[in-house]
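Before any comments, here is the structure.
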There are 2 protein chains.
Amino acid sequence: MTDFLPPIQTTARDDAVLKALAGFVRQEALGPGGKLPTERILAERLKVSRNTVREALTRWEGLGLVERRQGSGTYLKAAVSPDMLHMPLTLAGGNDFAGLMSTLEIRRALEAEAAALCAIRAGKAELAEIERKLDLMEEAFQTRAGMSSDEDWEFHQAIFRASGNPLFEQIIAAMYELFHRFWEHPLGVRDFGHASFPYHRTIFNCIAARDPDGARAEALKLIATVEDDLKRGAANLKLSDRR
Amino acid sequence: MTDFLPPIQTTARDDAVLKALAGFVRQEALGPGGKLPTERILAERLKVSRNTVREALTRWEGLGLVERRQGSGTYLKAAVSPDMLHMPLTLAGGNDFAGLMSTLEIRRALEAEAAALCAIRAGKAELAEIERKLDLMEEAFQTRAGMSSDEDWEFHQAIFRASGNPLFEQIIAAMYELFHRFWEHPLGVRDFGHASFPYHRTIFNCIAARDPDGARAEALKLIATVEDDLKRGAANLKLSDRR
DNA sequence: TGCAGAAATTGGTTGGACCATTGAACCACT
DNA sequence: AGTGGTTCAATGGTCCAACCAATTTCTGCA
């Protein structure tokens, strides 16, 4: 399994380690979920210390390329190729109400564009997948009386994925935690998210009808309802306590 | 069965280090360029191994938050606060045409939304600033026969800034380098960007008229012309030679 | 005063050790 | 057959004590 791992020679050790690893991944045709060699094996094969290997892997972990599971191993989380463009974005501010509204505006921008692109590009398989997620969401909505946040999220994710542009999903995934924290804490608004419910179906209809402008418009309406809910929630309980 | 069992939260050493470090930065009011304590000091003060400190710093270095200079020290490269949103974006094969189109689609999403928000929120001062940038751009366009990329960029930046949401400017600034690389290399299309010229004025008019939907539509048209230019360029010179 | 060289500082790397978690194999009992 | 417990090897996580390499600071001589 680990036959293709030539030793390292240049300076900038950990970068060299990453390059070698990227080559290894390509050589072995490893995809997401694939398991890469243990740190001890890598250290031995590449003729570097295990600490150096760890620093390199820490970099990849920070970029979301790799996941380490103690006792199990290190696994790929995304496709990696030797020539990749890394664009680490760190955005200031974000835990207060204004920060949430800011991220929601970003989400509105991306959601609208992704829906439009999806209406143009989605293949039959992607379309079916989106509809499946939509059905699941609607069923959960009926059954659990409105608590369908997970299924809701998966529906949107399917759209982002079908947009044909991986950046959408990556950006939105980074923001997920932030949205979710509030989503699970409905701010005292009992029917939080209810208003957005019908728009999921209308968005899908526009996508299925290959109507990008319509899909964009419906996505905008959906986010608008979420914004309204959030504003109502903020009015209900005073959110002066940051954190 | 109640499947409501929250995932357990175990201690994460290096994350704790980063949190402590973020607190330290805030405490000392360190800004970009500031020098933070040496690894040995940190290890001693935080009662962790120097290795752990290094792994934590490696993460921050990967995110572009920090720069290490051997023999000198570790310095801040950006403002850091305890609550930050990290968004590591990786684009497979970032140098090819598809990658550029992907980023352009993100830009279209943000540009449209920012223009709409701008039409709602921009104050008189922001409006005047945008118009000033627009005048500068049009003048440069006339004088230098179409080469107005810098002024063009500043116009868009002014809109992002006036949107009232700092995330727009931050995201787009991080992608600037990527756009610019191609912008400066017009791919053999001599009148690259000419088609987009009139839309700058129409966008501004919509913003000044407080017409968010109109501004959004005009922004979409503008990016569409840029996309067309790019596609023409890609057709002209074969971009099959990666890197 | 000016500057070359020594010394101290600091990040980079190494090797080895031990801990904590995981997962598989195995076993006892029902 | 299945359930639960135990053992054990593999693997990532942490620690330590050095040493290397680049940089900065200090020192002493001209």
Side-chain angles (χ1 to χ4, degrees), chain A residues 1-2 5-21 24-25 28 30 32-77 80, chain B residues 1 5-21 24-25 28 30 32-78 80:
Chain A
M1 173 184 175
T2 59
L5 282 176
I8 297 291
Q9 81 267 20
T10 66
T11 49
R13 305 286 242 213
D14 44 1
D15 274 344
V17 168
L18 286 187
K19 209 150 88 176
L21 249 185
F24 172 80
V25 168
E28 300 283 323
L30 282 176
K35 182 173 187 296
L36 39 84
T38 71
E39 298 175 348
R40 290 174 174 86
I41 301 250
L42 285 174
E44 178 192 353
R45 292 291 208 282
L46 300 175
K47 299 295 181 205
V48 294
S49 157
R50 190 180 149 214
N51 271 347
T52 305
V53 171
R54 280 189 60 77
E55 294 224 0
L57 286 178
T58 298
R59 277 239 246 298
W60 268 13
E61 191 187 27
L63 288 169
L65 287 177
V66 121
E67 179 185 355
R68 292 153 136 176
R69 289 207 287 270
Q70 185 175 178
S72 176
T74 306
Y75 302 84
L76 280 181
K77 265 173 68 179
V80 1
Chain B
M1 282 284 186
L5 285 179
I8 201 69
Q9 182 75 4
T10 181
T11 53
R13 222 54 172 207
D14 41 3
D15 273 346
V17 169
L18 286 187
K19 208 150 87 176
L21 208 43
F24 172 82
V25 168
E28 300 283 319
L30 282 179
K35 181 173 187 297
L36 40 84
T38 71
E39 298 175 349
R40 289 173 174 87
I41 301 252
L42 285 174
E44 179 192 352
R45 291 287 206 283
L46 300 175
K47 297 296 182 199
V48 294
S49 153
R50 193 178 150 217
N51 269 356
T52 306
V53 172
R54 279 188 60 78
E55 293 225 2
L57 287 177
T58 299
R59 276 238 252 297
W60 269 12
E61 189 187 28
L63 289 167
L65 286 177
V66 118
E67 180 185 354
R68 292 152 128 175
R69 288 207 286 270
Q70 186 174 177
S72 176
T74 305
Y75 302 85
L76 280 181
K77 265 173 66 179
V80 351

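Below, read A as the first sequence line, B as the second, and so on, with proteins coming before strands; counting in each chain starts at 1.
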Mark yes when over 12 heavy atoms from residues, nucleotides or ligands other than B:Lys19 sit less than 6.0 Å from its NZ; otherwise mark no.
no
Quick one: B:Ile41 CD1 to C:dG11 C1', roughly how many Å, whole number?
14 Å
Find the distance A:Gln70:CD to D:dC15:P and express it as a whole number of Å.
13 Å
Nearest whole Å is fine: how far is C:dG16 C1' from B:Asn51 CG?
12 Å
Given atom CD of B:Glu55 and atom P of D:dC16, what is their separation to the nearest angstrom?
15 Å
In whole angstroms, how far is the P atom of D:dT14 from the CG atom of A:Leu57?
14 Å
Just to confirm, is there a sub-4.0 Å distance from OP1 or OP2 of D:dG12 to any side-chain nitrogen or oxygen of A:Thr74?
yes
Residue B:Arg13, side-chain atoms from C-beta onward, closest of C:dA20, C:dG12, D:dT14:
D:dT14
Cationic N near anionic O, under 4.0 Å, B:Glu67 to B:Lys77:
no
Nearest-nucleotide comparison on DNA chain C, the residue closer to the 5′ end among A:Asp14 and A:Arg50:
A:Asp14
Out of C:dA20, C:dG11, D:dC16, which has the shortest distance to the side chain of B:Ser49?
D:dC16
Separation of A:Asp15 atom CG from C:dG11 atom P, in whole Å?
18 Å
Can you check the A:Leu42 CG to D:dA10 C1' distance for me, whole Å?
15 Å
For D:dA22, does OP1 or OP2 lie under 4.0 Å from any side-chain N or O of B:Arg69?
no
Exercise: do B:Arg68 and B:Thr58 side chains pair donor with acceptor under 3.5 Å
yes
Taking all heavy atoms of A:Gly33 and all of A:Tyr75, pick out the closest pair and write down the distance.
O-CD2, 3.8 Å
Could you tell me how far apart B:Arg40 (CZ) and C:dA8 (P) are, to the nearest whole angstrom?
14 Å
Can you tell me which nucleotide in D:dT11, C:dT14, C:dG11 comes closest to the side chain of B:Arg68?
C:dG11
Any donor-acceptor pair under 3.5 Å between the side chain of B:Arg54 and the base of C:dG11?
no
Quick one, B:Arg59 and B:Asp15 - any side-chain contact, counting heavy atoms below 4.5 Å?
yes
Are OP1 or OP2 of D:dG13 and a side-chain N or O of B:Thr52 less than 4.0 angstrom apart?
no
